[in-house]
A.B. asks: 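This structure is in structure tokens; I'll ask about it shortly.
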Amino acid sequence: KKKHHKKKKEINDIAKFYPEGVYPEGEWQDYTGSEENLKRSTDEEKRYLDNQQNNKWNDFRKAAEIHRRVRKYAKKTIQPGMTMIQVCETIENAVRTFCGTEDSLKSGMGFPCGVSLNNCAAHYTPNAGDKTVLDYNDVMKVDFGVHVNGNIIDCAFTHTFNPRYDPLLEAVREATNAGINAAGIDARLTDIGEAVEEVMESHEVELDGHTYTVKCIRNLNGHNIAPFRIHGGVSIPIVKNGDNTKLEEGQTIAIETFGSTGKGYVDYSGGEVSHYMKNSNPPPNAPVRLSSARHLLQVIDKNFGTIPFCRRYLDRIGEEKYLLALRQLVKVGLVTEHPPLFDTRGSYTAQFEHTILLHPTRKEVVSRGDDY
Ligand SMILES: O=S(=O)(c1cccs1)N(Cc1ccc(F)cc1)Cc1ncn[nH]1
Ligand SMILES: [Mn+2]
Ligand SMILES: [Mn+2]
Ligand SMILES: [Mn+2]
């Protein structure tokens, strides 16, 4: 009788793999630059202070470990011929299983699973009924978030099947690492942008008989992250922009860079909206007359709060015929919509992104993996 080999379930509540509940640290980097920064890593007082926030750091590390395991599983599972909905559900189901709870406010998707293709750089995820099928020649930006108690890991990579895009991906991977190296306490935003652009534009790629210098998409930015808020108000440029604002101790930031063979500029030239987010600073006394809009606002508060969501996340919790109500909430400014962003038709865009914790002592690239 054939012995049955129980296939070890590689996807399970992540807590089962960490019985002590302590999650692995990311990649540590010392601060550079000023005298003061050089002394940080040996400052006992700062180290003591930092340890007071270990619950928060441990949440980020748990979310980062889930992100690493999901992206590793996704890379070997996702194949050409799958619908974009199947691609997203592969990732979303894995995140939710590792998080070990159905309470999406406690832990779960930190924002919709982006799978933007080719000249689309960001904020595309399929809505119900989207028949788009992943193709061997697609350049897919897989950008998904994992949150634990509102501590969001925002981390992205570009997935391709055709090796002809490798030089483009290398350019962006190196540019993102240049941005990560330039980031730190007291680093000026414009200097981070300049460092990214210098590396990005040092790469040439050959595609379809044309040679392109890889351009940064100058109107896409990294950003800081706050509890339950994917965008904390600070935009981190990927080109030199003269903004001398400095990064600060204790900030959580997302360094994301985008390279393109197109104009190096995105607009929302069409493409249905899928990404929505409750406005953290809504206009006072916004009029919500429609009862369906009032109901939808309650559903959003209960399931997402200020964490971004997409239409499929409303579908899966049983909401129906919500589009008019959603449009009302957008119209009165209670919800913001984030349409897909495109460079020119026929161009190719690539992205890499990490989340970095600016501890008082050293910076921690908490979402770093052995893949990128
Ligand atoms: O482009 S952003 O709006 C932004 C960049 C700089 C300042 S705000 N955005 C935040 C966001 C907003 C709404 C969402 F539904 C999801 C994310 C960055 C991002 N998108 C994916 N990963 N990171
Ligand atoms: Mn068997
Ligand atoms: Mn992202
Ligand atoms: Mn981001």
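This one's a predicted model, so the numbers in the text were calculated from it and none came from an experiment. One-based numbering, in listed order, for ligands and for the atoms of each.
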A.B. asks: Could you tell me how the ring of F144 sits relative to the ring of H67: parallel (under 30°), tilted (30 to 60°) or perpendicular (over 60°)?
C.D. replies: parallel

A.B. asks: Y212 vs H210 aromatic rings, parallel, tilted or perpendicular, using cut-offs 30° and 60°?
C.D. replies: tilted

A.B. asks: So, R61 and E65, do they make that salt bridge, N to O below 4.0 Å?
C.D. replies: no

A.B. asks: Could R312 and E92 be called an ion pair, given the rule that one side-chain N must be under 4.0 Å from one carboxylate O?
C.D. replies: yes

A.B. asks: List, pair by pair, the atoms of ligand 1 and of the protein that are both N or O and lie under 3.5 Å apart, giving the separation rounded to 0.1 Å.
C.D. replies:
from: ligand 1; atom 1: 20 (N); to: H123; atom 2: NE2; distance (Å): 2.8
from: ligand 1; atom 1: 22 (N); to: D143; atom 2: OD2; distance (Å): 3.0
from: ligand 1; atom 1: 22 (N); to: D154; atom 2: OD1; distance (Å): 3.4
from: ligand 1; atom 1: 22 (N); to: D154; atom 2: OD2; distance (Å): 3.3
from: ligand 1; atom 1: 23 (N); to: D154; atom 2: OD2; distance (Å): 3.0
from: ligand 1; atom 1: 23 (N); to: H223; atom 2: NE2; distance (Å): 3.4
from: ligand 1; atom 1: 23 (N); to: E256; atom 2: OE2; distance (Å): 3.1

A.B. asks: Can we say K76 and E10 salt-bridge, meaning some charged N sits less than 4.0 Å from an Asp/Glu carboxylate O?
C.D. replies: yes

A.B. asks: How many angstroms lie between OG1 in T349 and CE in M140, if you round to the nearest 0.5 Å?
C.D. replies: 12.5 Å

A.B. asks: Could you give the distance from CD1 (I66) to CZ (R96), rounded to the nearest 0.5 Å?
C.D. replies: 12.5 Å

A.B. asks: So, K278 and D301, do they make that salt bridge, N to O below 4.0 Å?
C.D. replies: yes

A.B. asks: Tell me how many protein N, O or S atoms are within a distance shorter than 2.8 Å of the Mn ion (ligand 4).
C.D. replies: 4

A.B. asks: Given the ring of Y372, does R71 sit roughly above its face, with NZ or CZ under 6.0 Å from the centre of the six-membered ring and within 45° of the axis?
C.D. replies: yes

